[in-house]
Amino acid sequence: MITYRELCEQEIDRALFAHFVRRQVVIDCWRREADKWLIKKDPFIDDWSEDDYQTLIRCLKNTVKTGGFVYAAFHDGMLKGFASVEALPFGEKNDYLDLSSLHVSEDLRGRGIGRTLFAASKDWAKGKGAKKLYISAHSAVETQAFYRAMGCVEAVEYNQAHVEAEPFDCQMECSVE
């Protein structure tokens, strides 16, 4: 059985991720070329190094500390998915909140955990007065299919910091109404 709850800053540490498997085998990705979106072969395995985990932990703790939302899925007491939304609005009308992460452990993907985490993130953002979630989303075809199924579209406004940090990501948004 999957249980869901918000995380507090004190419990976000390396041990929390002991049974979380980030691994994603990627074959095809969406790429923007000459103002058109195309699917290109770009095979690689996406996984996190120990440094990546340490950065993630710092970021998630900061999200909680600054009033954001970190929501997690547990199976038999083990972390198997999480999402985070930053508290600071941005955009021309300050109507975006940033869905800064959404990940499901490889062993439990395809079971609705991502949908539940995404829905909770939308609800939280709406409760904070946002109109849209902003997502700098992995370009893998499977990841893009998930976000499209959640109602996401290409972002009207691109967040330049996200574009510079992850130039191959697809910049997306989703109404929280």
Side-chain angles (χ1 to χ4, degrees), residues 2 4 7 12-60 62-63 70-76 78-86 96-122 132-174:
I2 307 295
Y4 298 87
L7 295 180
I12 301 171
D13 59 16
R14 185 62 179 95
L16 179 67
F17 295 92
H19 301 282
F20 186 88
V21 183
R22 165 61 185 103
R23 189 173 193 274
Q24 181 177 1
V25 177
V26 177
I27 304 296
D28 295 323
C29 294
W30 283 97
R31 296 287 186 250
R32 190 173 182 106
E33 294 181 4
D35 291 329
K36 291 173 110 177
W37 286 101
L38 307 167
I39 296 175
K40 297 280 195 170
K41 289 219 176 298
D42 187 9
F44 63 98
I45 295 175
D46 201 352
D47 210 343
W48 289 330
S49 67
E50 193 55 39
D51 284 346
D52 293 332
Y53 275 105
Q54 294 307 318
T55 299
L56 174 66
I57 290 161
R58 279 192 306 278
C59 289
L60 292 175
N62 186 64
T63 298
V70 179
Y71 197 63
F74 292 87
H75 182 259
D76 293 333
M78 297 176 287
L79 179 74
K80 291 297 177 177
F82 62 94
S84 58
V85 182
E86 304 305 316
Y96 286 102
L97 284 183
D98 187 9
L99 179 73
S100 49
S101 62
L102 192 157
H103 297 281
V104 176
S105 187
E106 182 182 41
D107 53 318
L108 289 182
R109 289 183 192 141
R111 298 189 187 185
I113 294 170
R115 287 180 176 275
T116 301
L117 294 169
F118 191 81
S121 297
K122 281 178 62 175
K132 305 173 192 175
L133 276 180
Y134 186 93
I135 306 103
S136 183
H138 198 292
S139 61
V141 168
E142 298 83 1
T143 303
Q144 287 299 300
F146 167 79
Y147 283 116
R148 298 270 176 203
M150 296 296 96
C152 299
V153 296
E154 185 174 357
V156 173
E157 292 181 57
Y158 275 29
N159 180 307
Q160 201 56 40
H162 280 303
V163 173
E164 290 170 10
E166 294 289 347
F168 291 117
D169 274 8
C170 299
Q171 306 306 309
M172 306 184 86
E173 67 180 46
C174 184

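Ring pair Phe82/Phe17 is perpendicular by interplanar angle, where above 60° counts as perpendicular and below 30° as parallel.
In the model, Asp98 has no side-chain atom that pairs as donor or acceptor with a side-chain atom of Ser100 under 3.5 Å. At a cut-off of 3.5 Å, with distance as the only test, no side-chain donor of Gln144 or Ser139 sits close to an acceptor on the other residue. His138 and Asp46 share a donor-acceptor pair across their side chains, judged by distance under 3.5 Å alone.
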Legend entry - Stepwise side chain to side chain contact (heavy atoms under 4.5 Å, CB included) check, Tyr4 with Ile113: CA-CA 9 Å; Tyr4 298 87; Ile113 294 170; 3.7 Å; yes
Inset, instruction - In sequence, state the C-alpha distance, the side-chain angles, and the governing distance for His75 and Leu108, and then conclude on side chain to side chain contact (heavy atoms under 4.5 Å, CB included). - result: CA-CA 9 Å; His75 182 259; Leu108 289 182; 3.8 Å; yes
Legend entry - From CA spacing to verdict: side chain to side chain contact (heavy atoms under 4.5 Å, CB included), Thr143, Gln24: CA-CA 10 Å; Thr143 303; Gln24 181 177 1; 3.1 Å; yes
Inset, instruction - Check the pair Ser49 / Asp51 against side-chain hydrogen bond (donor to acceptor under 3.5 Å, both in side chains), numbers first and verdict last. - result: CA-CA 5 Å; Ser49 67; Asp51 284 346; 5.1 Å; no
Inset, instruction - Kindly determine whether Cys170 and Tyr147 satisfy side chain to side chain contact (heavy atoms under 4.5 Å, CB included), including the steps that lead there. - result: CA-CA 10 Å; Cys170 299; Tyr147 283 116; over 6 Å; no
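Residues Pro43 and Lys41 share a closest heavy-atom pair of CD-C, 3.7 Å. Considering every non-hydrogen atom in both Leu117 and Ala73, the closest pair reads CD2-N, 4.2 Å. The shortest heavy-atom contact between Leu102 and Gly114 is CD1-O, 4.0 Å. Phe146 and Arg115 make their closest contact through CE1-N, 3.8 Å (heavy atoms, listed as atom of the first residue, atom of the second, distance). The shortest non-hydrogen separation linking Ile45 to Arg23 is CD1-NH2, 3.3 Å.
With values rounded to the nearest 0.5 angstrom, Arg58 atom CZ is found 12.5 Å from Thr63 atom OG1. Here the CD1-CZ distance, from Ile2 to Phe74, works out to 11.0 Å after rounding to the nearest 0.5 Å. Rounding to the nearest 0.5 Å places CG of Asn62 at 10.5 Å from OG of Ser84. To the nearest 0.5 angstrom, Leu7 atom CG is 5.0 Å from Ile12 atom CD1. Summarising the geometry, atom CG belonging to Asp13 is positioned 9.5 Å from atom CD belonging to Gln54; distances are rounded to the nearest 0.5 Å. Summarising the geometry, atom CD belonging to Glu142 is positioned 8.5 Å from atom SG belonging to Cys29; distances are rounded to the nearest 0.5 Å.
Met150 places none of its side-chain heavy atoms less than 4.5 Å from the side chain of Met172. Looking only at side-chain heavy atoms (C-beta outward), Glu173 and Val153 come within less than 4.5 Å of each other. Side-chain contact between Phe118 and Tyr71: absent, with no pair of heavy atoms (C-beta onward) separated by less than 4.5 Å.
Residues passing the side-chain contact (heavy atoms from CB on, under 4.5 Å) test with Ile39, sequence neighbours excluded: Asp28, Trp30, Val141.
Of the options Asn159, Val156, Leu133, Ile135, a side-chain contact (heavy atoms from CB on, under 4.5 Å) to Tyr96 is made by Val156 and by none of the others.
Ion pair Lys132/Glu157 not flagged as a salt bridge, since none of the NZ, NE, NH1 or NH2 atoms sits closer than 4.0 Å to an Asp/Glu carboxylate oxygen. Electrostatic pairing of Asp52 and Arg22 does not count as a salt bridge here, judged by no charged N lying under 4.0 Å from a carboxylate O. Electrostatic pairing of Glu33 and Lys40 counts as a salt bridge here, judged by a charged N lying under 4.0 Å from a carboxylate O.
Here the side chain of Lys80 pairs no donor or acceptor atom with the backbone of Asp107 at under 3.5 angstrom.
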